[in-house]
Number of protein chains: 2
Amino acid sequence: MSTEEITNYLAKNDVKPSFQRLSIYQYLISKKNHPTADTIYKELMPNIPTLSKTTVYNTLKLFVDKGVAIAINIEDNEVRFDADTSTHGHFKCEKCNHIYDLTIDVSTLKFENLNDYLIKEAHFYFKGICEKCQKNNINNN
Amino acid sequence: MSTEEITNYLAKNDVKPSFQRLSIYQYLISKKNHPTADTIYKELMPNIPTLSKTTVYNTLKLFVDKGVAIAINIEDNEVRFDADTSTHGHFKCEKCNHIYDLTIDVSTLKFENLNDYLIKEAHFYFKGICEKCQKNNINNN
DNA sequence: GTATCTGCAAAACATTTGCAATTCT
DNA sequence: AGAATTGCAAATGTTTTGCAGATAC
């Protein structure tokens, strides 16, 4: 995605593309690391010395409001962010703490009284041990 | 579930059943309202005047550690708790803020590279509008 | 009598708010 | 110039920690 494409995408979604906003959005789509606000701040600081944490928070809130990013609440003590707004799952490895994206076939999901609910948002969170860490350690209990 | 049954259940799970712990556990299973720590504190205060918020936090953390309760992170600004530790889903209505339990048939859920992950925990969160609120309001957008 | 549990007060953190300075068009 | 954005400092709210007193076995 070129800077111009990002600019157009954000503008289309009612997000005026300032330098800070572009930088944060670009960070999200290039790293795909589901960062916290603090991680984004620390990582962009070297390149944008005047950046403030407030702006990172403001921007992420704006992104979520305008639907160009989602908040990931897989842990109760931190909020992470993802520019992939499609419905998909997240798996967090307890060993390496990496968060993997999961492509979930939502059409297969069935639950009681499904039709009673008008669903606007779905989040699927899994925790356990990833393949790499399973191989590196026999004692997974 | 009688007080004696609760006592035995907690003891079996390595939770020594003090008066405060029993009260909090009993609150969870009787109300099934997915409360926050603060809600539990406010609701039990009248009956247990000496109760402190620290004890509520300590107890909930102990419950989650020992596997007799789970933390629900459906919102990013509050942690809720549930004594139903079976794998099930949660639906939060945006209108009435009520959280419904969903019985999900996990066996129907399929995703790519499923076998690469050793899953120990699964959380399913949905947001939207419940049946009651859909009926009460035509304009749901 | 010793270990555990409780609860107060203070600390730690993440996030939000008020507001003045800056930037953009 | 006028409107929006940024960023500092302070406030807020939740959760954790240290520790002393209370409780239980």
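What you see is a predicted model; the values in this text were computed from it and never measured.
- The structure places CZ of Phe19(B) at 9.0 Å from CG of Leu51(B), a figure rounded to the nearest 0.5 Å.
- Side-chain atoms of Thr54(B) and base atoms of dC8(C) include a donor and an acceptor less than 3.5 Å apart.
- Classified by interplanar angle (parallel below 30°, tilted 30° to 60°, perpendicular above 60°), the ring pair Tyr117(B)/Phe91(A) is tilted.
- When each of dT15(C), dT6(D), dT15(D) is scored by its nearest atom to the side-chain atoms of Arg21(A), the top-ranked nucleotide is dT6(D).
- Look at CG on Leu62(B): it is 15 Å from C1' on dT16(D), rounded to the nearest Å.
- Computed from coordinates, the Phe63(B) CZ to dC5(C) P distance equals 12 Å when rounded to whole Å.
- As judged by a 4.0 angstrom heavy-atom cut-off over every strand, Thr50(A) is placed among residues touching the sugar-phosphate backbone only.
- Remark: C1' of dA14(C) and CZ of Phe81(A) are 11 Å apart, rounded to the nearest angstrom.
- Taken from NZ in Lys66(A) to NZ in Lys61(A), the straight-line distance is 12.5 Å, to the nearest 0.5 Å.
- Ring orientation note: the planes of His90(B) and His34(B) are nearly perpendicular, at an angle over 60° on the 30°/60° scale.
- Phosphate proximity of dT16(D) to Tyr57(B): absent, as no side-chain N or O sits under 4.0 Å from OP1 or OP2.
- Contact between the side-chain N/O atoms of Ser18(B) and the OP1/OP2 oxygens of dT23(D) is not found at any separation under 4.0 Å.
- Residue-level contact check: Gln20(B) touches the backbone only, with heavy atoms under 4.0 Å from sugar-phosphate atoms and none from bases.
- Ion pairing between a basic and an acidic side chain is recognised when a charged N comes within 4.0 Å of a carboxylate O; Lys92(A) and Glu94(A) show no such pairing.
- When distances run from any side-chain atom of Ser52(A) to the nucleotides dA4(D), dC8(D), dT6(C), the shortest one goes to dC8(D).
- Mapping Asn58(A) and Ile48(B) onto DNA chain C via the closest heavy atom, the residue that lands nearer the 5' end is Ile48(B).
- The separation between Phe19(B) atom CZ and dT4(C) atom C1' is 18 Å, rounded to whole Å.
- Look at CG on Asn73(B): it is 15 Å from P on dT14(D), rounded to the nearest Å.
- Whole-Å rounding puts the Leu60(A) CG to dG7(D) P distance at 14 Å.
- Between the CZ atom of Arg80(B) and the P atom of dT15(D) there is a distance of 12 Å, rounded to whole Å.
- With dC8(D), dT16(D), dT15(C) as the candidates, the nucleotide lying closest to the side chain of Lys61(B) is dT16(D).
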